[in-house]
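A short write-up of the structure that comes next.
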Amino acid sequence: MDPRLSPDRTILTPNSGMMEAFSDSYEQSSNSNMDSEMYTEQPTGTTASSTFNATMTADGAVPDNNGNSKRKRFVKVVEVDAPNNLDLDAYIANYKGHTKINRLEFIADRCPSLQVDALKLAIVELKNASTLNIPRYGNLVKKLNEAVKFGTPGTANVSSELLNIDKAWADSQLQKAKQQTDLLEGELKNYKRNSIKESIRMGNIELGNHYYACGDLTAAHRSYSRTRDYCTTPKHIIELCMNVIKVSIELGNFPHVLTYVVKAESTPEVTQDKDLTKAKLKAASGLANLDLSKYSSAARDFLSIGEELVGHQYGDIISANDIAVYGGLCALASFNRAELKRLVIDNVGFRQYLELEPHIRDLIQGFYNSNYAVCLDIMDKWRNDYLLDIHLHSHIEALYTNIRKKALVQFTSPFLTVNLTKMAKSFSTTVPELESELVSLIIGGQIEARIDSQQKILWAKQTNKRSAIFERSAAMGQDYEQEAKGLVLRIQMITNGIIVKGQGSDKGAGGDVAEAMFEHQHPRGGRGGRELPAFAETRTNMSSFLSNFSRDRHRG
């Protein structure tokens, strides 16, 4: 059961009570022969809990209406009082389709100051798009009424049209969805009866698109997957993969996303000239690796997208601004200094995305130029905005922690001694807090140093270069000795005739050595009991040589 729906699926508003007329109409459609679960929105891996006071939520772990459950990943729900730089209208204009509604609802659940505005935009978007997902529309109206009831900021400008459900429109959309379902299922049955492969494939795609529009993501995924047996060209395979990837991202099934990304990239059509498709696949792969906390892989995916997604070509999944933010933060958290210069700063294709987010560009340049005070200031100013991002919110703490650790390591690496008081000012922290951070890095082996707690000085460990040179010299001498002994052994084997060339053999020296060894180990002959004269002499020479060689070694 979707946590955002009431158990009896009725829509409550403080102005109109139970909305009995709409409830009766909805219950009648639910009792029809059409599967009522099709109209219940499936929980996604990025849908936040609607309860602000919750401290923990299973992000992507709620079972769906068909009894399926997803990978559990518990994250802390952080309520954001107000973002620092987020312009909601400009931000949401970069998206379309389901992800636009998902992001608006996510912001409404996490940010009280933007709750009313986000819900208003989501309701208007659903009505303008003539949505078939009526339960979601009713749930958003219910949330807006609750916000008005509790006096959430921004309720003064809410019109009565948004607070009341358009019963006539909702009933017509429900009826339209039912008729469309019956029609598409009937057509698909006829196609299967006639065994027309292309028609069956197109029928499954159309039915999947309809389920997707109705909010039944599991049924949509099932319909899209059924086209696999009817794909006859690489173009069909790519279409299958893109449809499954779209639904899997919304379901939060990111391991499945990676599977179909690999499948699509292995088709010949992608490797030729389908730059836009390849860019979309890289974006989907980056989102999957980000969700799995593989920040280095995610950064490489986002950085290799190119210029194809600078506009809104993939707005139903991700925007160009997201690519800049996700790629920049993941690169800072996982790349070393050389990789940051080569893969990010000198990346001409990614530079166009950075122009859309100048603060990310300044953050990367400041980190590379060791201007850590500016970097930490930028990160702090944008933290609240990133906590309202549907894909990034659960990774902000980990990314920020990794970036700060890398900054501490790079700050201390050039010096033999560091004054902790001055260093604390550079990192906008106190000396005790900085000291505890450095202790954890020293214990983890990331910094080789010692801390003078009395003088508040960090002393780098100095290696004895003279001893290190002697150790390397001794190791080189041992390697040289082993190589020399191997060469001497080889020369003596050749001198004693152990390496021979058989009569009529085209195998060369290596094959003849194997034959000689084979005959030596099998005195009666390894090939039907017959023994060549050359190998008999070789066996005698080898036995003599081994005994002499062993005696010489003992004498030495």
Side-chain angles (χ1 to χ4, degrees), residues 2-4 14 41 43-60 62 73-96 98-126 136-137 139-159 162-163 250 252 290-291 315 318-319 321-322 325-326 329 357 359-360 378-400:
D2 193 326
R4 294 171 296 179
E41 182 189 353
T44 65
T46 52
T47 301
S49 171
S50 61
T51 304
F52 284 126
N53 295 328
T55 56
M56 297 294 290
T57 181
D59 194 17
V62 181
R73 178 163 57 86
F74 290 95
V75 295
K76 185 178 181 180
V77 176
V78 180
E79 181 180 320
V80 178
D81 293 332
N84 297 326
N85 308 280
L86 181 63
D87 184 348
L88 186 60
D89 293 328
Y91 168 78
I92 209 63
N94 296 324
Y95 306 99
K96 59 185 178 181
H98 284 204
T99 190
K100 187 173 185 178
I101 307 300
N102 291 339
R103 287 176 179 268
L104 285 171
E105 191 169 4
F106 184 85
I107 293 173
D109 290 340
R110 297 294 183 103
C111 183
S113 62
L114 295 178
Q115 183 180 20
V116 173
D117 293 336
L119 291 174
K120 287 167 56 179
L121 289 174
I123 294 171
V124 171
E125 179 67 22
L126 285 176
R136 185 171 204 183
Y137 163 72
N139 182 62
L140 291 174
V141 173
K142 176 185 175 181
K143 286 186 176 183
L144 183 59
N145 279 275
E146 291 176 349
V148 173
K149 179 180 179 181
F150 291 107
T152 305
T155 57
N157 299 325
V158 180
S159 63
L162 297 177
L163 294 174
E250 194 164 342
L290 174 63
D291 182 81
I318 192 174
S319 69
N321 301 68
D322 293 334
V325 174
Y326 300 166
L329 292 179
E357 297 289 337
H359 67 281
I360 294 293
I378 293 174
M379 290 166 58
D380 185 64
K381 287 181 179 179
W382 288 85
R383 178 190 291 270
N384 286 349
D385 298 71
Y386 296 151
L387 289 174
L388 297 178
D389 188 280
I390 198 169
H391 294 295
L392 194 62
H393 70 281
S394 59
H395 302 278
I396 283 298
E397 294 300 326
L399 290 172
Y400 273 33

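Just so you know, these numbers come straight off a predicted model, no measurement behind them.
- Contact check for D81 versus N384: no side-chain heavy atoms found under the 4.5 Å cut-off.
- A donor-acceptor pair shorter than 3.5 Å cannot be found between the side chains of N102 and T99.
- Residues Y326 and L392 share a closest heavy-atom pair of CE2-CB, 3.9 Å.
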Run the numbers on H391 and D291 for side-chain contact (heavy atoms from CB on, under 4.5 Å), then give the verdict. CA-CA 7 Å; H391 294 295; D291 182 81; over 6 Å; no
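- Here the options are R110, Q115, K143, the test is side-chain hydrogen bond (donor to acceptor under 3.5 Å, both in side chains), and the partner is E105; only K143 passes.
- A donor-acceptor distance shorter than 3.5 angstrom exists from the side chain of H395 to the backbone of L290, with no hydrogens or angles considered.
- Across all their heavy atoms, I101 and L140 have their closest contact at CG2-CD1, 4.4 Å.
- Within the model, atoms CD1 of I92 and CG of L104 stand 3.5 Å from one another, a figure rounded to the nearest 0.5 Å.
- Y91 pairs by the ring-ring contact (aromatic ring centres under 6.0 Å, His included) definition with Y95, not counting sequence neighbours.
- The backbone N or O of K381 sits less than 3.5 Å from a side-chain atom of N84, completing a donor-acceptor pair.
- For residues 83-96, there are no salt bridge (Lys or Arg N to Asp or Glu O under 4.0 Å) pairs, not counting sequence neighbours.
- For L163 against L144, the heavy-atom pair with the smallest separation is CD2-CG, 3.9 Å.
- One distance of note links CG of D109 with CG of L119; it measures 7.5 Å at 0.5 Å rounding.
- The shortest heavy-atom contact between V141 and N145 is O-ND2, 2.7 Å.
- Remark: side-chain polar atoms of D389 are not paired, donor with acceptor, to backbone N or O of D385 under 3.5 angstrom.
- A distance of 12.0 Å separates NZ in K120 from CG in L114, rounded to the nearest 0.5 Å.
- In this structure a side-chain-to-backbone donor-acceptor pair under 3.5 Å is present from Y400 to M379.
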With side-chain contact (heavy atoms from CB on, under 4.5 Å) as the criterion, how do Y386 and L399 come out once you've worked through the C-alpha distance, each side chain's angles and the decisive distance to 0.1 Å? CA-CA 11 Å; Y386 296 151; L399 290 172; over 6 Å; no
